[in-house]
Amino acid sequence: MPQQDTEYRLDDIDRRILFTLMRESRHTTAAAIAETVNVSGATVRNRICNLEEAGIISGYTAHIDFERAGGNLTNLYLCNVPVPEREALAHRARAVPGVINVRTLMTGRENLHVVAVGETTSDLQRVARKLSQLGIEIEDEDLVEDEFFSPYAPFDPDGDRDAGAPEDVISLTGEANIVQITVDGSAPIAGRSLEEASGEGILDADTLVIGIERDESELTPHGETVVQPDDIVTVLSRNPTDERALETFRGTGTEAVDG
C-alpha cells in the first residue's frame, strides 16, 4: 500500500496494536486486540486501517522454514553497491528467481543484504551469478541456520504503564497540553453531555474536549455531545500539572499518574 506524505503520530493505542500484531498476526482478531487495549473492536479495525494507509503496517508476511518445507537451503548474501544505485539495484535483486528478501543499509560496506532460497547449492550459485551480472558485488555469504523474531518491546502493552495514564501527550507553548485518554466506564464524565459535565463542575473551565474517537468515527464535540465509555477523547488542558482534569475521564478505581 502506498505511503502517505503526511506524518502519522503513533499514540499508545497504536503501539499496543502494533505489538500484538508483531507477536502473532495470523490468529489475532480485532476483538482480541480490543480486550488488551481496552477499546472497541471497531476502533481497533479503524486504527489498523489508518496504520496501513500511512505505510506503517506495510504487509503481513508468513515466516516459512524452507528446510522443513522441502529440504531447501536459505542463503544470505552480504553485498556492496554504490549508494546512488542502492535502491534501484535492490529492486532488481528482488526480481532474481529464488530471492525472497532484500534489505538496504544506509552507509558502509555490505550495504545490501539479499536472502535467497534454493533446492541445491547450484541454485544458490545461480543466484550469486545473477546478482553479479546486475553489478552487485558479493562480499560474503553463508547458509542461514535459523531465524528468530520478537515484537518491539517498547510497544508492549504489559510493560510498565499506570492504569488510566494518557495514551498520548503533546506539550504546547504557554503551559498547556493536548492529552489523549480513553474514558473509563466509571469515570465521572461517562454518560454525561459536555454541557452537563460543565454545569455540574465535572469539566472545569481550563479543560476543553476538542476531539472524540468512537469506534470508526471521529466526532467534533459540541455541548450536547454525550461522552461514552471507551471513547478516546482528545483534551486541551490549559493547566498541564492539574491531575484533576484527567480524573474526569478515569475510573474511580484508577490511581493518579505522577505529573
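- Annotation: the span from D12 atom CG to I181 atom CD1 amounts to 11.0 Å, rounded to 0.5 Å.
- A side chain to side chain contact (heavy atoms under 4.5 Å, CB included) with E213 is found for exactly one of I232, L219, T234, namely I232.
- In this view, R214 and D231 satisfy the side chain to side chain donor-acceptor pair (under 3.5 Å) rule, not counting sequence neighbours.
- Atoms CZ and CG, from R126 and L131 in turn, are 10.0 Å apart once rounded to the nearest 0.5 Å.
- Put simply, the side chain of R9 does not reach to within 4.5 Å of the side chain of D11, judged on heavy atoms.
- By the salt bridge (Lys or Arg N to Asp or Glu O under 4.0 Å) test, D14 is found to be paired with R47, residues two or more places apart in sequence or in another chain being considered.
- Here E200 pairs with R192 under the salt bridge (Lys or Arg N to Asp or Glu O under 4.0 Å) rule; sequence neighbours left out.
- With sequence neighbours excluded, the residues forming a side chain to side chain contact (heavy atoms under 4.5 Å, CB included) with P151 are F19, M22, R23, listed by chain and number.
- Between the T28 side chain and the L21 main chain, no donor and acceptor come within less than 3.5 Å of each other.
- Judged by distance alone, the side chain of D65 and the main-chain N or O of E67 form a donor-acceptor pair under 3.5 Å.
- Looking only at side-chain heavy atoms (C-beta outward), Q228 and V183 stay at 4.5 Å or farther from each other.
- Looking at heavy atoms from C-beta onward, L105 lies in side-chain contact with H113 at the 4.5 angstrom threshold.
- Counting only residues at least two apart or in different chains, side-chain hydrogen bond (donor to acceptor under 3.5 Å, both in side chains) contacts with residues 139-149 comprise N75-E141, N80-E139, R109-E139.
- Between D230 and S40, the side chains place no donor N or O within less than 3.5 Å of an acceptor N or O (distance only, hydrogens not considered).
- The list of ring pair (Phe, Tyr, Trp, His ring centres under 6.0 Å) pairs with a residue in residues 66-107, not counting sequence neighbours, is empty.
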In residues 93-104, what donor-acceptor pairs under 3.5 Å come from side-chain atoms, sequence neighbours left out?
none

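- Scored by the side chain to side chain donor-acceptor pair (under 3.5 Å) test, R45 finds no partners at all (sequence neighbours excluded).
- Counting only distance, with no hydrogens or angles, the side chain of R15 and the backbone of L10 share a donor-acceptor pair below 3.5 Å.
- Taking the side chain as every heavy atom from C-beta outward, V209 and V227 never approach each other to under 4.5 Å.
- For L73, the side chain to side chain contact (heavy atoms under 4.5 Å, CB included) criterion is met by T121, L124, L143, not counting sequence neighbours.
- T20 is listed as a side-chain neighbour of T36, based on a closest heavy-atom distance under 4.5 Å.
- Following chains of ILVMFWY side-chain contacts shorter than 4.5 Å, one cannot reach V117 starting from V114, and the two form parts of different hydrophobic clusters.
- Within the 3.5 Å criterion, the main-chain N or O of M106 finds a donor-acceptor partner in the side chain of R86.
- Looking at residues two or more places apart in sequence or on another chain, you find no side chain to side chain donor-acceptor pair (under 3.5 Å) involving T74.
- A 4.5 Å side-chain heavy-atom check between N50 and Y8 finds at least one atom pair inside the cut-off.
- Between the N111 side chain and the V81 main chain, a donor and an acceptor come within less than 3.5 Å of each other.
- Applying the side chain to side chain contact (heavy atoms under 4.5 Å, CB included) test to E195 and every residue at least two apart in sequence or in another chain returns S193.
- Taking Ile, Leu, Val, Met, Phe, Trp and Tyr as hydrophobic and joining them when side-chain heavy atoms fall under 4.5 Å apart, one finds V83 isolated, its cluster having no other members.
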